[in-house]
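The structure under discussion is supplied below as structure tokens; questions concerning it will follow.
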Amino acid sequence: MGKTTYMKLKGSQNLRLRLLLATLSATPVLIEDIRHEDTLTGLRSYEVSLLRLFEEVCDDCVVEINDTGTKLKYKPGIIMGGRNLVHDCGVDRSIGYFLEPLIVLGLFGKKPLSITLKGITNDSKDPSVDTFQSTTLSILKRFGVPSEGLKLTIKNRAPPPLGGGEVELKIPVVQNSLTAVSWVDEGMVKRIRGLTFTSRVSSQFEHTMRYAARGIFNRLLPDVHISTYHSSAGKSPGYGISLVAETTSGCFISADTAVSYRRGDELGEDKDEESNELMPPDEVGLQIASVLLGEIEQGGVVDSTHQGLLFLLCALCPQDVSKVRVGKLSPNGIETLRNIRDFLGVKFVIKPDPSTGTVILKCVGCGLKNLSRKLS
């Protein structure tokens with residue numbers, strides 16, 4: 001065995017994406033200066049939890065963290081998958097933070113992945129589990145992921161700060177590699193679906209949010225249906241709404257948010273009375289309906305939160321040309337493109353389309369094959 005060569009990186013930004021790409025490309029990484037100038041230095045508890053999740057799903061991966069948490073050595077192992085796994089995501093970040101890398105990782109495993117995640121299901125920082133169920137999984141199907149065995153079951157919904165939610169994720173393995181796509185037709189919006197949820201507050205809040213959102217959409221199209229869900233498992237009071245617009249060409253554009261009392265570490269000691277007031281439910285409904293209309297107006301086959309996933313799937317395709325259309329490039333999308341270039345050596349051709357205000361991206365995939373499956 002020769003000496004391991006580590007790719008050297010600095011800073012805490014895009015840690016999740018870097019760990020995912022390092023695992024897929026089998027590249028050991030050494031990340032230094034992780035929040036070394038902050039008052040609270042080093043890795044956060046949710047980032048350590050993510051590393052533990054990677055250890056559960058992969059075999060023979062090595063994680064070394066120094067005493068202050070500012071230096072991380074990560075040597076990826078073989079992606080195994082597995083059945084009946086359970087992971088507690090904690091209450092610092094929602095389950096959506098862990099789902100984003102997990103759905104890509106599971107595709108290239110030795111066995112199909114079945115895992116139960118516990119924690120916060122809906123917050124204002126990360127995509128909600130409802131968005132994953134309605135939008136994210138449909139994007140995977142575009143790239144040839146079999147729909148049998150691809151499922152997200154939401155058992156309990158729960159807002160921060162105490163959580164109490166639970167979801168079960170099932171991801172099939174791709175037999176050989178993904179399928180390159182040419183996906184540039186976003187189509188016209190034909191229907192809007194959604195869900196409002198409440199936890200430990202009056203169920204009337206659900207109807208108020210639904211009524212406010214429908215007040216905007218019903219003027220634009222007739223096929224609008226927003227269902228309601230009252231959580232009995234949530235440990236904290238809160239409420240939220242998740243909306244998705246389906247187009248005539250089979251694209252899904254989503255937007256979601258949740259309102260709850262903030263986590264204690266974000267409040268600080270000197271909290272005043274005003275910080276305890278939550279946004280009224282009618283404003284939440286109006287706000288998220290406006291956000292969804294803004295995403296639709298931007299154009300593109302996915303919304304801004306899914307740009308990173310779209311580019312990553314294109315880069316992992318066989319050595320064939322993939323072509324996709326997105327709206328304005330989001331900061332997350334731009335960072336994803338940079339990290340894809342560094343880890344996979346895939347460069348995208350970016351061409352603005354002035355007539356629609358959108359951007360067309362083309363790339364030749366890196367041809368990543370499911371080698372974990374070959375080992376069996």
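Position 1 is the first residue of the sequence, and the numbers go up from there.
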Next item on the list: Run the numbers on Q307 and T336 for side chain to side chain contact (heavy atoms under 4.5 Å, CB included), then give the verdict.
Entry: CA-CA 9 Å; Q307 283 184 15; T336 304; over 6 Å; no

Margin query: Please report the interatomic distance CG(D88) to CZ(F98), rounded to the nearest 0.5 Å.
Written below: 9.0 Å

Note to self: So does S45 get a backbone contact from the side chain of S49, meaning a donor-acceptor N/O pair under 3.5 Å?
What the structure shows: no

Margin query: To the closest 0.5 Å, what do you measure between CD1 (I65) and NZ (K71)?
Written below: 13.0 Å

Checklist line | Close side-chain approach of P281 and Q204, heavy atoms under 4.5 Å | finding: no

Margin query: Go through it in stages, so that I can follow the logic: the residues are C314 and F143, the test is side chain to side chain contact (heavy atoms under 4.5 Å, CB included), and I'd like the CA-CA distance, side-chain angles, deciding distance and then a yes or no.
Written below: CA-CA 8 Å; C314 287; F143 287 84; 3.9 Å; yes

Margin query: Is there a side-chain hydrogen bond (donor to acceptor under 3.5 Å, both in side chains) between S330 and N332? Walk through the geometry before answering.
Written below: CA-CA 5 Å; S330 65; N332 172 44; 4.9 Å; no

Notebook entry, point to check: Is it true that a side-chain atom of R16 and a backbone atom of P101 form a donor plus acceptor pair closer than 3.5 Å?
Noted result: no

Check: Crowded around D67 CG? As in, over 12 foreign heavy atoms under 6.0 Å?
Finding: no

Next item on the list: Check whether any side-chain N or O of D33 sits under 3.5 Å from a backbone N or O of K10 as a donor-acceptor pair, and report yes or no.
Entry: no

Note to self: Quick one, D185 and T248 - any side-chain contact, counting heavy atoms below 4.5 Å?
What the structure shows: no

Item checked: Side-chain heavy-atom pair H306, T131 within 4.5 angstrom cut-off -> yes

Checklist line | Audit row: I350, L337, side chain to side chain contact (heavy atoms under 4.5 Å, CB included) steps and yes/no | finding: CA-CA 11 Å; I350 303 171; L337 291 173; 4.1 Å; yes

Item checked: Heavy-atom closest contact (K141 atom, S147 atom, distance) -> CE-CB, 3.9 Å

Checklist line | T208 side chain vs D282 backbone, donor-acceptor pair below 3.5 Å | finding: no

Note to self: Can you confirm whether the side chains of H207 and T228 place a donor and an acceptor under 3.5 Å from each other?
What the structure shows: no

Notebook entry, point to check: Taking the six-membered ring of F197 as reference, does the NZ or CZ atom of R157 fall below 6.0 Å from its centre and within a 45° cone about the axis?
Noted result: no

Notebook entry, point to check: Would T116 and E166 count as having a side-chain donor-acceptor pair, cut-off 3.5 Å?
Noted result: no

Next item on the list: Show your reasoning for whether side chain to side chain contact (heavy atoms under 4.5 Å, CB included) applies to F343 and V29.
Entry: CA-CA 10 Å; F343 280 91; V29 289; 3.7 Å; yes

Margin query: A side-chain contact here means heavy atoms from C-beta on lying under 4.5 Å apart; do L9 and D342 qualify?
Written below: no

Note to self: Within this structure, what is the CG-CG distance for the pair N218 and D223, rounded to the nearest 0.5 Å?
What the structure shows: 10.0 Å

Note to self: Within the structure provided, determine whether F311 and L329 are in side-chain contact (heavy-atom separation under 4.5 Å).
What the structure shows: yes

Check: Would a distance-only check, ignoring hydrogens and angles, find a side-chain to backbone donor-acceptor pair under 3.5 Å from R210 to I226?
Finding: yes

Checklist line | Separation of K170 NZ from T153 OG1 (nearest 0.5 Å) | finding: 6.5 Å

Note to self: Any salt bridge linking R325 with E186? Criterion: basic side-chain nitrogen under 4.0 Å from a carboxylate oxygen.
What the structure shows: yes

Next item on the list: Could you pull out the closest heavy-atom pair between G109 and V173, with the gap in Å?
Entry: O-CG1, 3.2 Å

Item checked: Any donor-acceptor N/O pair, E246 side chain to R191 backbone, under 3.5 Å -> no

Notebook entry, point to check: For the residue pair K75 and T4, what are the closest heavy atoms and their distance?
Noted result: NZ-OG1, 4.0 Å

Notebook entry, point to check: Are D92 and R44 side-chain neighbours, meaning at least one heavy-atom pair lies under 4.5 Å?
Noted result: no

Next item on the list: Measure across V259 and M279 and return the closest heavy-atom pair with its distance rounded to 0.1 Å.
Entry: CG1-N, 3.9 Å

Next item on the list: Give the minimum heavy-atom separation between L292 and L243, together with the two atoms involved.
Entry: CD2-CB, 3.8 Å

Check: Hey, does L50 have a side-chain heavy atom less than 4.5 Å from the side chain of L15?
Finding: no

Margin query: Under 6.0 Å from the ring centre and within 45 degrees of the ring axis: does the NZ or CZ of K73 meet both conditions for the six-membered ring of Y6?
Written below: yes

Notebook entry, point to check: Which class fits the ring pair F205 and Y239: parallel under 30°, tilted 30 to 60°, perpendicular over 60°?
Noted result: perpendicular

Notebook entry, point to check: Looking only at heavy atoms, what is the nearest atom pair of T179 and C317, with distance?
Noted result: O-SG, 3.4 Å

Check: Should L344 and L316 count as side-chain neighbours, where that means a heavy-atom distance under 4.5 Å?
Finding: yes

Check: Do the side-chain N and O atoms of T41 and H36 include a donor-acceptor pair separated by under 3.5 angstrom?
Finding: no

Notebook entry, point to check: So, R338 side chain and I334 main chain: donor-acceptor pair closer than 3.5 Å or not?
Noted result: no

Margin query: Whether the side chain of S242 engages the backbone of D256 through a donor-acceptor N/O pair (distance < 3.5 Å, no angle test) should be reported.
Written below: no

Note to self: Would the distance check show the side chain of D130 and the main-chain N or O of S134 forming a donor-acceptor pair, the cut-off being under 3.5 Å?
What the structure shows: no

Notebook entry, point to check: Is a side-chain donor or acceptor of R35 paired with a backbone partner of G42 at a separation under 3.5 angstrom?
Noted result: yes

